[in-house]
S.K.: 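Structure below; questions to follow.
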Amino acid sequence: MKIQIINGPNLNLLGTREPGIYGSTPFGDYLLQLRAQYPGMEIAYYQSNIEGELINKMQEAGPGCDGIVLNAGAYTHTSIALHDCIRSLECPVVEVHISNVHKREAFRHQSMISCACAGVICGFGLDSYRLAIEALAAQEQQQARG
């Protein structure tokens with residue numbers, strides 16, 4: 001199984017940015033754990049602070065992967081362009097958030113991309129990514145069974 005993880009703006013600062021909300025583990029360290037936990041999966045990673053680059057990466061990765069785990073960061077709440085891109089993909093996309101966005105500022109309660117995604121996972125820290133991978137793997141197994 002091929003999974004593409006895509007992180008949006010400011011997520012390159014994980015480990016140092018607001019550790020009370022996002023934790024103190026850099027994403028690169030967590031990615032090593034994920035790859036060790038799922039040795040039979042190919043887990044690719046990409047991060048950008050630029051909306052168009054996130055779209056380009058999804059369009060590039062989509063045809064060759066079995067699922068995308070997307071943390072669009074603040075673009076979650078503003079980007080119709082990301083929504084439209086997700087709708088254009090054949091592979092499922094799971095929206096993830098490290099924090100529980102519904103316990104935060106009101107502007108974080110609205111997602112422009114949720115309705116285009118296969119599912120949404122939020123509030124479980126970095127473990128949200130693992131849960132998204134598990135969901136994609138379960139969906140793949142279910143489809144294989146027919």
S.K.: Could you state the interatomic distance from CD (Glu140) to CD1 (Ile133), rounded to the nearest 0.5 Å?
M.R.: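 The distance works out to 13.5 Å.
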S.K.: Treating Tyr38 as the side-chain partner and Ile43 as the backbone partner, does any N or O pair qualify as donor plus acceptor under 3.5 Å?
M.R.: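 A pair under 3.5 Å: no.
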S.K.: Compare all side-chain heavy atoms of Thr78 with those of Glu51 and state whether any distance is below 4.5 angstrom.
M.R.: no
S.K.: Identify the heavy atoms of Val96 and Asn71 that sit nearest to each other, and give their distance.
M.R.: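 Residues Val96 and Asn71, closest heavy atoms: O-CG, 3.3 Å.
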S.K.: Nearest 0.5 angstrom please: Tyr30 OH to Ile5 CD1, how far?
M.R.: 7.5 Å
S.K.: Which heavy atom of Thr76 sits nearest to which heavy atom of Gly73, and what is that distance?
M.R.: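 Answer, listing the atom of Thr76 first, then Gly73: OG1-O, 2.8 Å.
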S.K.: Shared ILVMFWY cluster between Met41 and Leu131, side chains joined below 4.5 angstrom?
M.R.: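 In one cluster with Met41: Leu131, yes.
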S.K.: Specify the closest pair of heavy atoms between Ser48 and Glu53, including all atoms of both residues, with the distance to one decimal.
M.R.: OG-OE1, 2.8 Å
S.K.: Going by salt bridge (charged side-chain N to carboxylate O under 4.0 Å, His left out), name the residues that satisfy it together with Glu42, two or more places apart in sequence or in a different chain.
M.R.: none
S.K.: Listing request: all salt bridge (Lys or Arg N to Asp or Glu O under 4.0 Å) pairs with a residue in residues 77-95, at least two apart in sequence or in separate chains.
M.R.: none
S.K.: Tell me the closest heavy-atom pair linking Ser128 and Gly123, and the distance in Å.
M.R.: OG-N, 4.0 Å
S.K.: Glu60: which residues meet the side-chain hydrogen bond (donor to acceptor under 3.5 Å, both in side chains) condition with it, sequence neighbours left out?
M.R.: Lys57
S.K.: Step by step, would you call Leu126 with Phe27 a side-chain contact (heavy atoms from CB on, under 4.5 Å)?
M.R.: CA-CA 8 Å; Leu126 290 177; Phe27 196 81; 4.0 Å; yes
S.K.: If you round to the nearest 0.5 Å, how far is OH of Tyr129 from CD of Gln33?
M.R.: 13.5 Å
S.K.: Will you find, in the side chains of Gln47 and Asn49, an N or O donor that is under 3.5 Å from an N or O acceptor?
M.R.: yes
S.K.: For a side-chain contact (heavy atoms from CB on, under 4.5 Å) check, start with the C-alpha distance between Gln59 and Cys85, then their side-chain angles and the critical distance, and finish with the verdict.
M.R.: CA-CA 7 Å; Gln59 290 176 353; Cys85 177; 3.9 Å; yes
S.K.: Taking all non-hydrogen atoms of both residues into account, name the closest pair between Phe124 and Ile121 and its distance.
M.R.: CD1-CG2, 4.1 Å
S.K.: Treating Asp66 as the side-chain partner and Lys2 as the backbone partner, does any N or O pair qualify as donor plus acceptor under 3.5 Å?
M.R.: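 Checking the backbone N and O of Lys2 against the side chain of Asp66, a donor-acceptor pair under 3.5 Å is found.
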S.K.: Between atom SG of Cys122 and atom CD1 of Ile98, what is the distance when rounded to the nearest 0.5 Å?
M.R.: 11.5 Å
S.K.: Same cluster or not: are Leu11 and Leu31 linked, directly or through other Ile, Leu, Val, Met, Phe, Trp or Tyr residues, by side-chain heavy atoms under 4.5 angstrom apart?
M.R.: yes
S.K.: Distance from Met1 atom CE to Gln141 atom CD, nearest 0.5 Å?
M.R.: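 So the CE of Met1 and the CD of Gln141 are separated by 8.5 Å.
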S.K.: By the rule that ILVMFWY residues connect when side-chain heavy atoms come within less than 4.5 angstrom, directly or transitively, which residues belong alongside Leu13?
M.R.: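 Joined to Leu13, directly or through intermediates: none.
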S.K.: With ILVMFWY side chains joined below 4.5 Å, transitively, what does Tyr46's cluster contain besides itself?
M.R.: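 Tyr46 clusters with Ile6, Leu54, Ile55, Met58, Ile68, Leu70, Tyr75, Leu82, Ile86, Leu89, Val93, Ile113.
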S.K.: Mind checking the SG-CD spacing from Cys91 to Gln4? Nearest 0.5 Å is all I need.
M.R.: 9.5 Å
S.K.: So which heavy atom on Gln37 is nearest to which on Arg130, and how close?
M.R.: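 Where Gln37 meets Arg130 most closely, the heavy atoms are NE2-CD, 3.3 Å.
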S.K.: For Met112, which fellow cluster members are found when Ile, Leu, Val, Met, Phe, Trp and Tyr are connected by side-chain heavy-atom distances below 4.5 angstrom, either directly or through intermediates?
M.R.: Ile80
